[in-house]
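What follows is a single structure, written as structure tokens, with notes after it.
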There are 2 protein chains.
Amino acid sequence: MLSIGKLSAATGVKVPTIRYYEDIGLLPEAERSAGNQRLYDLAAQERLAFIRHARELGFPLDSIRELLSLSDQPDMSCAAADVIATRQLAAVNDRIIRLQALQRELERMLAQCAHGTISDCMVIEVLSDHANCLHDHHGDRRPLSSQS
Amino acid sequence: MLSIGKLSAATGVKVPTIRYYEDIGLLPEAERSAGNQRLYDLAAQERLAFIRHARELGFPLDSIRELLSLSDQPDMSCAAADVIATRQLAAVNDRIIRLQALQRELERMLAQCAHGTISDCMVIEVLSDHANCLHDHHGDRRPLSSQS
DNA sequence: ATAGGGTCTCTAGCAACTAGAGCTTCAAGA
DNA sequence: TCTTGAAGCTCTAGTTGCTAGAGACCCTAT
């Protein structure tokens with residue numbers, strides 16, 4: 001049985017994050033030692049490694065929750081898992097496309113800058129005046145936050 | 001003078017977001033009408049458009065704060081603005097690289113899936129067992145959250 | 001005069017953690 | 001065996017950039 005610190009070292013997931021995962025029900029409540037400290041077995045370690053790996057692939061915790069419940073049912077069709085992974089791939093692709101547009105815009109902005117004073121700086125200029133921008137905002141009504 | 005609703009319509013920034021920007025000091029406190037409603041002039045509208053545009057290019061609010069204070073000093077060198085934009089470009093490039101790695105990994109995972117049952121599903125398998133993964137985690141000690 | 005929209009403040013919530021306070025437990029050395 | 005320092009515990013609050021809701025107020029048009 002591992003302490004939470006050993007489990008953290010073994011999986012690369014930080015201690016408070018492990019407790020957080022337990023709080024939100026992604027990990028089952030851990031057994032406790034006589035002194036009320038959490039103890040983990042191999043199954044818990046594998047489950048946490050699964051979570052970590054999925055997080056590294058960018059899956060949101062809700063998708064991971066679904067994947068975990070699927071992995072508990074080995075005889076089911078894996079179509080549902082495919083759907084989740086495909087959805088994640090689409091999200092990743094979409095973010096790449098949008099980031100590449102930003103990349104081009106930022107590069108253009110920097111390339112145009114004559115390194116003079118603020119008053120004729122293209123960086124400030126492009127940000128100030130939308131006409132200087134190739135970026136299409138007017139068909140763009142997504143929440144801004146989702147692009148990061 | 002514009003009401004907050006008109007300003008919102010003019011800039012594409014939602015009303016609560018405008019109030020939020022005022023709260024955190026990104027916009028100055030607005031003038032008020034006799035009935036305590038916010039009123040905006042053209043300068044405010046331009047400042048907000050600047051903010052919106054920079055957000056669309058992915059700049060964090062703290063960078064925007066710096067850029068705004070720079071844009072108030074037209075005679076300064078624009079080197080500082082360049083630094084901020086370059087930093088942002090680097091952040092965008094970095095995210096693209098990492099997302100492309102995820103993209104490849106997800107594609108490979110899906111391509112390998114034989115569409116059978118969960119027990120032999122490569123999606124679950126890759127997530128469960130790190131050995132099945134091309135993804136390099138062991139040099140990777142960034143916080144997981146920053147990859148999204 | 002009144003109905004409806006827009007606006008006000010304030011609080012709470014989202015994802016996915018992270019940091020800190022103040023306490024207890026455990027393991028290793030003297 | 002005692003002690004000390006690391007590691008663990010719970011709980012709250014903070015992060016980023018907003019968004020949603022409650023309940024009250026204002027403003028314009030009919």
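Everything numeric in this text was worked out from a predicted model, so none of it was measured. The sequence lines fix the lettering, A, B, ..., with proteins before strands; numbering per chain opens at 1.
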query: Would B:Asp23 and B:Arg19 count as a salt bridge (charged side-chain N to carboxylate O under 4.0 Å, His left out) if you check the C-alpha gap in whole Å, the side-chain angles of each, and the deciding distance to 0.1 Å?
result: CA-CA 6 Å; B:Asp23 274 2; B:Arg19 288 196 279 248; over 6 Å; no

A:Leu106 and B:Phe59: CA distance, side-chain angles, deciding distance, side chain to side chain contact (heavy atoms under 4.5 Å, CB included) verdict: CA-CA 10 Å; A:Leu106 287 165; B:Phe59 287 91; 3.7 Å; yes

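Between the CD1 atom of A:Ile51 and the C1' atom of C:dA15 there is a distance of 16 Å, rounded to whole Å. What separates CG of A:Asp23 from P of C:dC14 is a distance of 14 Å, to the nearest Å. Summarising the geometry, the separation between CG on A:Leu27 and C1' on C:dC17 is reported as 14 Å, rounded to the nearest angstrom. Spacing between atom CD of A:Gln37 and atom C1' of C:dA27 amounts to 11 Å, rounded to whole angstrom units. In this entry the distance linking CG of A:Leu39 with C1' of C:dC26 reads 12 Å, nearest Å. For the pair A:Ile64 CD1 and C:dA15 C1', the computed distance is 12 Å after rounding to whole Å. As a whole-Å value, the separation of A:Lys6 NZ from C:dT25 C1' is 15 Å. For the pair B:Ile18 CD1 and D:dG17 P, the computed distance is 17 Å after rounding to whole Å.
Here A:Arg52 does not reach the OP1 or OP2 of C:dA16: none of its side-chain N or O atoms lies under 4.0 Å away. The phosphate of D:dC18 has neither OP1 nor OP2 within less than 4.0 Å of any side-chain N or O from B:Lys14. An OP1 or OP2 oxygen of C:dC17 is reached within less than 4.0 angstrom by a side-chain nitrogen or oxygen of A:Arg55. Note on A:Ser33: a side-chain N or O is less than 4.0 Å away from OP1 or OP2 of C:dC26. Remark: B:Arg38 is in phosphate contact with C:dC8, judged by side-chain N or O atoms under 4.0 Å from OP1 or OP2. Residue B:Tyr21 places at least one side-chain N or O closer than 4.0 Å to OP1 or OP2 of D:dC18. Contact annotation: B:Ser3 side-chain N/O to C:dT7 OP1/OP2 distance is under 4.0 Å.
Listed nucleotides D:dT10, D:dC18, C:dT9 differ in distance to B:Tyr20; the shortest reach to its side chain belongs to D:dC18. The side chain of A:Pro16 approaches C:dT18 more closely than any other nucleotide in the set C:dT7, C:dT18, D:dG17.
Note that the CG atom of B:Asp62 and the CD atom of B:Glu66 stand 7.0 Å from one another [nearest 0.5 Å]. The distance from atom CG of A:Leu70 to atom CE of A:Met76, rounded to the nearest 0.5 Å, is 5.5 Å.
Using a 4.0 Å heavy-atom distance criterion, A:Arg19 is classed as a base contact.
Under 3.5 Å, the side chains of A:Arg87 and A:Ser63 contain a donor-acceptor pair of N or O atoms.
When each of A:Ala34 and A:Thr17 is assigned the nucleotide of DNA chain C bearing its nearest heavy atom, the one mapping closer to the 5' terminus is A:Thr17.
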